[in-house]
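All values below were derived from every heavy atom in this structure, side-chain atoms included, with hydrogens, water molecules and symmetry-related copies excluded. Below, chain A is the first sequence line, B the second, and so on; all start at residue 1.
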Amino acid sequence: MKQFEPLTRKKDNQPVRYLIVDDSVFARKSLAKMVESFGGQLAGEAGDGCTAITEYARTKPDLVLMDITMPQMEGIEAVERIVQEHPEARVVMVSSVGYQDNILAALQKGARHFVQKPVRPDALYEIIRYVLNDDGVTAPVGAGENSRREWTSFNRSLAHSIQFSR
Amino acid sequence: MDLIQPFIGSLDSVLAVMMKAPAKIAHLDMEEDGYRRKGLAATVIFKGQIEGRIVLDMEPRAAAQVASYLSGAEVDTSESIVPEAVCELANMVIGNAVTQLNDRGFQFKVYPPSLLTEEQCAKAGQDSEATVLCFETPHGNVHLNIAMHYHARRTRERSPVSV
């Protein structure tokens, strides 16, 4: 797998810690490999929304990668509950179901971004860099101003859609 | 056919990437009796304005190729992650198709994929007519078994009243 410029935490220059939530063991392994190639560390894993909530509280990760369609509790409800308890939580939704209603619902509940499966590592890297950099958490090596502008523009259009749909 | 096309298009494009060669639709059949599994099969159920289930059935070599692509390492047909890869592929293909249908105004909920045993496979096909497509790939055949119906009444109930 391609290796990326490591993303590190600005406060202590340590690797970014991830919580990966997906009911598929395979998808979790695949995402774990990707975040390792970004220089990250796996803080924890969960196979459903309920476990994600307890794992978040236990591991306090820098970023959560969250699937939507899962047994017991789905990703959107889990995001809502995590963000209610931990407003600083940064969650990126990773799902094969990417219709607009779903994306808007996830963003309204507190998710910071959305990636559709199959996940391309370079796209996920840029999104993670954007989401973490936005809060001043990461110090990415050679952060590109162009990609930042692109994601800002993308986020603005999503925000506009949310306002429009309310 | 309008409802089925997104599933065909989605599988076709995903297979082209993962098999590193274009897939070809070898044949299309209608099945009314129980479905006989050909390899490793996963199913996804959906409910709402459109209800039904899709079975993705792959020859082990094709499934191993998908597992290799997704894991970024060579995977043998005997490895335990191969069936899991079929579920993940079903999830991607059906998720992408559902996204297209939802953006066209159809509302329904998709449930997580699960692996099908031979017995479950036969039972799954007993009560409904299904369209079965066979995709030929360089790594073996992939079958897509689609059984679904459209709830016109539910759609009318949810539509705004015109005056």
Side-chain angles (χ1 to χ4, degrees), chain A residues 1-4 20-38 45-51 66-78 93-106 114-124 161 165, chain B residues 6-7 10-11 13-18 40 42 44-50 54 56 63-64 66-75 79-115:
Chain A
M1 186 171 279
K2 178 186 166 188
Q3 289 297 308
F4 292 80
I20 297 177
V21 186
D22 199 304
D23 58 322
S24 158
V25 180
F26 200 90
R28 293 205 300 270
K29 278 185 183 168
S30 175
L31 285 171
K33 267 197 170 176
M34 280 186 211
V35 300
E36 275 172 24
S37 74
F38 306 158
E45 288 185 33
D48 62 79
C50 291
T51 315
M66 175 87 77
D67 186 21
I68 291 182
T69 307
M70 291 186 289
Q72 292 179 53
M73 185 192 287
E74 295 214 333
I76 294 175
E77 189 183 344
M93 308 307 289
V94 182
S95 175
S96 56
V97 183
Y99 49 83
Q100 203 185 15
D101 292 353
N102 239 6
I103 298 174
L104 293 179
F114 185 93
V115 188
Q116 190 163 9
K117 291 180 182 175
V119 179
R120 284 183 16 248
D122 48 352
L124 182 63
S161 305
S165 68
Chain B
F7 294 93
S10 177
L11 179 60
S13 57
V14 172
L15 285 179
V17 173
M18 295 192 180
L40 293 161
V44 174
I45 290 170
F46 40 91
K47 291 183 177 171
Q49 287 176 343
I50 301 170
I54 304 274
L56 181 71
V66 168
S68 301
Y69 178 87
L70 291 174
S71 65
E74 202 61 35
V75 174
E79 290 185 46
S80 60
I81 61 164
V82 176
E84 184 76 29
V86 179
C87 275
E88 190 53 21
L89 183 69
N91 193 28
M92 285 179 199
V93 168
I94 291 153
N96 281 297
V98 161
T99 299
Q100 291 174 43
L101 287 171
N102 200 279
D103 287 340
R104 278 162 46 186
F106 297 104
Q107 291 185 343
F108 47 95
K109 183 173 165 53
V110 182
Y111 291 83
S114 58
L115 280 172

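Here the side chain of A:K29 pairs no donor or acceptor atom with the backbone of B:S71 at under 3.5 angstrom. A distance-only check finds a donor-acceptor pair linking the side chain of B:E84 to the backbone of A:V25 [under 3.5 Å].
Interface summary for chain A: among B:A73, B:A67, B:P113, the most heavy-atom pairs under 4.5 angstrom belong to B:A67. Note: B:E88 leads B:M18, B:Q100, B:E88 in heavy-atom pairs under 4.5 Å with chain A.
Residues in residues 67-76 of chain A take part in these side chain to side chain donor-acceptor pair (under 3.5 Å) pairs, two or more places apart or across chains: A:E74-B:K109.
Tested against A:K117, the residues B:V93, B:N91, B:N96 include a single side chain to side chain contact (heavy atoms under 4.5 Å, CB included) partner, B:N91. Exactly one residue among B:I81, B:V66, B:V82 makes a side chain to side chain contact (heavy atoms under 4.5 Å, CB included) with A:F26. That residue is B:I81.
Counting non-hydrogen atoms of other residues, nucleotides and ligands closer than 6.0 Å to CZ of B:R104 gives a total above 12. Around CD of B:E74, the count of heavy atoms belonging to other residues, nucleotides or ligands within 6.0 Å does not exceed 12.
Among all heavy-atom pairs drawn from A:S96 and B:M92, the shortest one is CB-CA, 3.6 Å. For B:P112 against A:P71, the heavy-atom pair with the smallest separation is CG-N, 3.8 Å.
Contacts of B:A97 with chain A are absent, with no heavy-atom separation under 4.5 Å from either backbone or side chain. At a 4.5 Å heavy-atom cutoff, the contact between A:K33 and chain B is made by side-chain atoms alone.
To the nearest 0.5 Å, atom CZ of residue B:F108 and atom OH of residue A:Y99 are 7.5 Å apart.
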